[in-house]
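Shown next, in structure tokens, is the structure this report addresses.
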Amino acid sequence: MQSEEKSSTKDSDWIKLRSEDGFTFMITAKAARGSGFLRGMLESGFVESTSGTCTLALRAAVTEKVMEYLVFKAQYDKATSKEEIPDFQERIVPELALELLMAADYLET
Amino acid sequence: MSRNNVRGPTSALTEFLREQGISARSIVQRRRAEANNNAEAGPSNNANATVENTEDVGQNEMDGENGVEDPVQASVGRRKRRKSGYNSDALDGSDKQPSVSKKRKLTKAQMETLKAKEKKKAKGRRKGNDSDDSEDSDIYNALSKGGFNNVGASKAPLPGTIVDCVECSKKFTVTKYTIPSREKSGLLCHVCVKSSGVDPFKKTPVPRKRKDPAEKRKVISFEEPERVNTLASMCIDVIGKHIEDVEALGDIGTLNMDKIAKLIAKNRNLQNDAFCTLSSLNPNLHSLRLDFCGRLTDNALVHWAEHLPSLTRIELLGPFLVRVEGWKAFLERLGPQLQGFLITQSPRFDESCLEILTNVATNLTELRFSEFGKLSDDWVESLGKLTNLTSLDISYPSTSLNDDALVTLLNSLGSNLTHLNLSGNSDLSDVTLLTGILPNMKRLDSLSLANVPLVTDAGLAQLFTEWTDNPPLENIDLSRNHLAGSSALEALLTHSGQVLTTLNINGWKDASTTVLLDIGKKAPGLVKIDLGWCRGVDNFVIKELLDACGNLQEVKCYGCNRVTTDCPQRALLKIFGVEGHSRN
């Protein structure tokens with residue numbers, strides 16, 4: 001999760017998200033589509049969709065948690081009833097909850 | 001296996017033995033059961049053991065452990081048992097065995113217990129194979145105590161021991177593949193087993209597991225429930241959990257606080273405690289309005305009564321959990337200062353609460369009992385005491401008030417009222433209009449009489465024509481009165497047109513285009529108008545409205561199918577319900 005500058009691949013399988021304090025996160029396009037905001041961005045045909053890079057007005061800690069959720073969601077969203085789904089809620093620390101809530105609302109996750 | 005069912009002729013002795021439940025099959029099983037003794041306790045155990053067996057097949061032949069040996073014996077015996085069944089040959093063969101002759105010497109009492117067990121066994125068999133197995137093992141244990149303890153061969157020796165073959169009398173070493181003889185009591189050597197045609201190395205088939213019925217059924221659900229909650233809802237849960245501990249949520253700016261409040265309110269996560277906190281933190285509150293406060297309970301209302309000393313107006317939507325005691329406590333304490341008591345949806349507020357309200361709240365000017373479950377004609381007398389009322393809303397009761405009650409009520413209150421809402425009282429008719437409203441109302445500026453289907457076109461026309469005592473109305477809602485039409489609309493516009501700001505004539509299907517065209521000219525101050533299902537409305541009616549009414553902001557014309565996409569439009573004016581717009 002450390003900031004590492006990687007040029008996004010041409011087939012945009014990976015999306016780069018930059019937090020407001022300069023950290024970059026890589027996430028698969030599939031996981032990113034779990035967010036209504038990011039999905040819209042990817043399908044819009046704006047610069048973000050061609051470059052696969054987006055800057056979010058969120059702190060790195062919040063961005064990281066959002067990314068974590070998106071990956072979690074991508075993994076378990078289509079889970080059958082037999083599969084055990086771990087509890088994501090306990091991974092949300094209360095200190096972050098408010099910021100995360102606003103981020104979630106903004107990103108439509 | 002099918003040969004199990006074929007029976008040849010039997011001797012008297014065979015018949016007797018069968019009656020007693022003695023058969024070659026049971027003897028073999030008993031012997032085996034003795035060997036297993038405790039290992040084979042129940043059907044499930046048995047199954048497990050067999051599974052274990054198949055896994056262990058590759059192991060050393062001379063494996064000396066009981067745990068491995070026993071299940072093999074069990075499963076092999078089981079297979080044989082099924083094959084022999086009630087085979088008359090086998091039965092005859094068993095007669096020769098000394099063990100059986102001993103068995104015949106069983107005491108009478110033992111015989112009887114045996115019989116009982118046989119019956120049980122038969123029952124169990126009907127129930128199912130599994131229970132059959134367990135019954136079997138019971139019987140064998142019991143028998144072994146009776147006559148067979150002395151028979152050395154009945155105890156299966158451990159692998160590695162050397163025994164005599166019952167067929168050829170040669171000594172051989174017992175292995176885990178050694179099988180007991182089918183006919184005689186004892187074990188067979190490898191050579192004899194082979195010559196008898198049984199493959200000692202044959203793996204026992206893994207018993208078919210009964211499938212879980214839930215698994216077997218294929219459930220096709222087209223709407224998969226969301227398995228993963230949204231991040232927002234999880235955050236709200238976390239915040240909800242820590243709502244007592246605001247510090248833990250970090251530093252919140254006022255702007256964010258507002259946003260968060262809206263987000264939390266959107267998900268309706270406010271607990272009852274929060275309502276109490278609300279009053280504690282805002283002791284000087286004058287006016288309180290809460291929509292969708294479904295979780296509000298007695299406690300909160302009592303708490304408010306004690307902690308909101310300045311409250312004069314309260315407006316609640318959906319406080320359906322509040323009980324009579326809660327209302328009473330609240331009204332007794334705050335009633336005297338209350339000026340507005342506006343409640344929508346309460347199934348519990350009853351006449352005793354009303355009694356307190358009318359006795360105590362003498363300053364009340366605004367009253368709303370909308371969608372009340374217990375509102376009835378009997379309430380009218382009490383309501384009549386509230387002579388300071390200027391605004392009265394008794395819309396959509398569970399059972400409609402009747403004309404007489406309404407006329408009585410308006411006789412006592414009508415002269416002061418500026419706002420009246422009688423919507424949804426479906427039993428009201430022109431009588432209320434002409435003997436209730438017409439003679440009594442002098443100051444009304446807002447009338448809502450929607451969903452009163454008995455009201456006629458002529459009645460409304462007469463009201464508005466003769467209602468000269470009353471100044472023109474600003475807000476009129478007469479929607480869904482399907483009998484109303486052109487003459488009512490004409491009289492209405494003549495009476496109130498000049499000051500009218502909102503007009504709702506939704507469902508006036510018979511209003512003619514000619515009259516509708518005049519709306520614009522006669523009511524130039526309109527801001528909102530609902531013309532839904534007025535079939536006479538067309539593009540020209542809309543055009544007239546737009547030309548004449550400069551302040552118009554909203555036009556609804558759902559169900560007006562003569563309005564097309566060509567109808568005039570204007571910036572900042574919303575026209576809802578044009579059919580052509582929805583078709584793209």
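Both backbone and side-chain heavy atoms feed into the values below; hydrogens, waters and symmetry mates do not. Residue numbers begin at 1 in each chain, while the letters A, B, ... track the order of the sequences. Only a predicted model underlies this, so the values are computations on that prediction, with no experimental measurement involved.
Counting heavy-atom neighbours within 6.0 Å of A:Arg91 CZ, excluding the residue itself, gives a total above 12.
For the pair A:Pro94 and B:Val238, the tightest heavy-atom approach, listed with the atom from each and the gap, is CA-CG1, 4.0 Å. Residues A:Gln89 and B:Met234 approach most closely at N-SD, 3.7 Å, considering heavy atoms. Among all heavy-atom pairs drawn from B:Leu231 and A:Phe88, the shortest one is CD1-CE2, 4.0 Å.
Applying the ring pair (Phe, Tyr, Trp, His ring centres under 6.0 Å) test to B:Phe330 and every residue at least two apart in sequence or in another chain returns nothing.
Considering CG of A:Leu107 and OG1 of B:Thr230, their distance stands at 12.5 Å, rounded to 0.5 Å.
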